[in-house]
Structure formats: structure tokens, C-alpha cells
Amino acid sequence: MSTNLLAGKRGVIFGALDDKSIAWKVAERCVEEGATITLTNAPVALRMGGIQELGKKLNAEVIPADATSEEDLEKLFGESQEVLGGKIDFVLHAIGMSLNVRKKREYTDLKYEWMQKTLDISAISFHKVMQQLYKMDAMSEWGSIVALSYIAAQRTFPDYSEMAESKALLESFARSFGYHFAEKKVRVNTISQSPTVTTAGSGIKGFQEFFDYADKMSPLGNASAEACADYCVTMFSDLTRMVTMQNLYHDGGFSNMGMSPKLLEE
Ligand code: NAI
């Protein structure tokens, strides 16, 4: 159901790889709510995934950019402003990748070269995105920037490995840059999402078991990618103008649970 919450707004959405991606659902919802958008992903992902198909469906230009490259980001935001016809009202950062997790290195035996790449892709890219937008003065007043995070930033989930540190850094960047962006009346937040079945999510060891556990632990159950898209729409809309520098849990209540009788009964 559309209520035209984003009518006339211009957005840039990072991270739609395939139709399971959270960013894919966010892109669909934003357009349904009246926004015009550009889609972006790393050049290699553009070749592998179905983003072109999404672009066609949503009438959205697909612009390749490696989010770790300042040069690519400058080009992306320049082109996006041209295509969309003005400054950008909202940006979604939905990027995550761990080399050590992908290559199955234990947390007690991490390869630091890979860790640095992981931090660059999953967290520092968020700073790079914001710094580029800030320097280019590319955001509209009352614009909104959101990145997706996970509760392993606060609590220990052993198999999440170095992604825990990536998310802690990501959330810290939202607070620190949120302060500076407030001068331009732009807000910055992270949304801490439930485990969700996607390419990035399923790469974590024991993901399905953990997904089921979290579903039982959360009084409302796990939040779906579609529900996350709804929440992102509200964060991009004018109804949340004074929310900034926050990490917002979107997890069916998981983050405030201590123990669940449902799980004990099993
Ligand atoms: P996904 O695998 O569909 O999306 C991850 C995206 O990151 C892909 O589109 C990938 O191409 C992109 N990416 C990787 N390296 C890049 C680079 N150098 N430049 C530009 N893009 C790059 O998976 P998902 O789950 O939709 O991930 C989106 C975000 O949501 C990530 O930040 C993830 O950590 C976060 N998240 C996911 C949860 C889950 O359980 N799936 C739970 C909480 C947060």
C-alpha cells in the first residue's frame, strides 16, 4: 500500500544484488512511495546479480561504484544528481562483506590483510560515502542517510567474527558524521536489522539455526526484509526529521530480551 510518503524525493540505493537483498526491497518500496532513485553496486556485482532487471522495473539508472573508491563515489553522486535532477534526499548504505568469514578463518586466527579489506568494505565505505556527499554538498536540507547494522556491534555472536567490529565502527561513524551533517540539516542513522536470509546473511556459519533461535527469542519474531524496507521509508520521509545519530533496532524486540520461556520449553 502506498501513501506517497516519498513523493518528489530523490535517492541513491547501495547494495541491491538479487531479489533477496534488503536493498532490493528498499528500492522497490521507495519507488512505490513516489521516490525516484539511482541504484549502485560494485562493478563485479553488476555482472553477477540481477540489478539491471531491477533498474528496468523501477525506471532507475544503474551506476557502478566500488564503495571503497572515492573516485567512483564522486562520479556516482555527480551522475545521480544529473539523472535525478537535483540534490539527493536520501541514501541507503546496505554493504557488507567479510573476507575472513568467506574464507572460513576462525576468529582466533584472522588474517589481518583480509580484516583491513573487510573494515574498508563494510564500514569505512560508509564514512567515504558521507565524506563525498558532504564535500560535494550533494544532500538536500532535511535529507536522510541510513546504513544497515547488526546487534553483534553490542553483543557477542561468535560466528559473526570480524563483522562485529565492522558494525561497531559503522555505528560509530553514524554518530560522529551525524554531528557534522546536522549543520546541513541532514540526519544520519543506522538500522540494526534482524537476521535475514540474503547472500551476505547466509554466508555466516550456522546461519539457519541462528535465524530460528532469533525468531523464537524475538517476541514479534524476526523482522523481514520487507518490514525493514518499510522502516527505511519512514526514515527517509519527512516524518522522522529530528531523529539523528541513533542506532535503531528493527528486530521484533530481540535486543531487549533476557530469556525466552518459549526457548526454555524446547
Ligand atoms: P546482500 O549480500 O544482498 O548485500 C550486500 C551487498 O554489499 C551486495 O549487494 C554486495 O554486492 C555489496 N558490496 C560488497 N562489496 C561492495 C563494494 N566494494 N562496493 C559496493 N557494494 C559492495 O546482503 P544483505 O543482507 O541484504 O546486506 C545488506 C546490509 O544489511 C549489509 O550491511 C548487512 O551487513 C546488513 N545486515 C544484514 C543482515 C542479514 O542477516 N542478512 C542482518 C543485519 C544487517
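It should be emphasised that the depicted structure is a prediction, and the values quoted were computed from it without experimental measurement. Ligands are counted one by one from 1 in listed order, and the atoms in each one are counted from 1 as well.
- Ligand 1 has no nitrogen or oxygen under 3.5 angstrom from a nitrogen or oxygen of D18.
- When the heavy-atom distances from atom 14 (C) of ligand 1 to I95, L76, I51 are ranked, the shortest goes to I95.
- The shortest contact between atom 40 (O) of ligand 1 and any protein heavy atom is with T196 N, 2.8 Å.
- Taking a cut-off of under 4.0 Å to the non-hydrogen atoms of T199, the atoms of ligand 1 that pass are 2 (O).
- Under 4.0 Å is where a charged nitrogen must lie from a carboxylate oxygen, and between D137 and K87 at least one such pair does.
- With ligand atoms numbered from 1 in the order given, ligand 1 contributes 40 (O) to contacts under 4.0 Å with heavy atoms of P195.
- In this structure, K135 does not pair ionically with E74, as no charged nitrogen and carboxylate oxygen lie closer than 4.0 Å.
- The ring of F254 has its center no closer than 6.0 angstrom to the ring center of Y249.
- Using a 4.0 Å cut-off between charged nitrogen and carboxylate oxygen, K56 and E53 do not count as a salt-bridge pair.
- Under 4.0 Å from ligand 1, the heavy atoms of T198 that appear belong solely to its side chain.
- Looking from atom 15 (N) of ligand 1 to the surrounding protein, the closest heavy atom is I121 CG2, 3.4 Å.
- Between K128 and E70 no salt bridge is recorded (no basic side-chain N to carboxylate O distance below 4.0 Å).
- Between the side chains of D89 and S140, a donor-acceptor pair is found at a separation under 3.5 Å.
- The single protein non-hydrogen atom nearest to atom 28 (C) of ligand 1 is A94 O, 3.5 Å, given as residue, atom name and distance.
- If you number the atoms of ligand 1 from 1 as listed, the ones under 4.0 Å from a heavy atom of D66 come out as 17 (C), 18 (N), 19 (N).
- Using a 4.0 Å cut-off between charged nitrogen and carboxylate oxygen, R241 and D238 count as a salt-bridge pair.
- With respect to K75 and E71, no salt bridge is recorded, no charged nitrogen being found less than 4.0 Å from a carboxylate O.
- Of all atoms in ligand 1, numbered sequentially from 1 with element shown, those under 4.0 Å from a heavy atom of L148 are 29 (C), 30 (O), 32 (O), 35 (C).
- Those atoms of ligand 1 that come under 4.0 Å of a heavy atom in Q193, given as number and element, are 42 (C), 43 (C).
- Of the listed residues (G15, A200, S122, A67), the one carrying the non-hydrogen atom nearest atom 19 (N) of ligand 1 is A67.
- Only one option out of K9, M235, R10, R187 pairs with F90 in a side-chain contact (heavy atoms from CB on, under 4.5 Å); it is K9.
- When non-hydrogen atoms are compared, ligand 1 lies under 4.0 Å from the backbone of I22 as well as from its side chain.
- Of the listed residues (K25, M48, K167), the one carrying the non-hydrogen atom nearest atom 34 (O) of ligand 1 is K167.
- Taking each of S125, A16, S149, A42 in turn, the one with a heavy atom nearest to atom 17 (C) of ligand 1 proves to be A42.
- In this structure, a donor-acceptor pair under 3.5 Å is present between the side chains of T38 and S80.
- Among H127, H93, H180, the single residue meeting the ring pair (Phe, Tyr, Trp, His ring centres under 6.0 Å) criterion with F173 is H127.
- In this structure, the protein non-hydrogen atom closest to atom 21 (N) of ligand 1 is N41 OD1, 3.3 Å.
- Scanning the protein heavy atoms around atom 3 (O) of ligand 1, the nearest turns out to be S21 OG, 2.6 Å.
- When the heavy atoms of A45, G96, A225, S194 are ranked by distance to atom 38 (C) of ligand 1, first place goes to S194.
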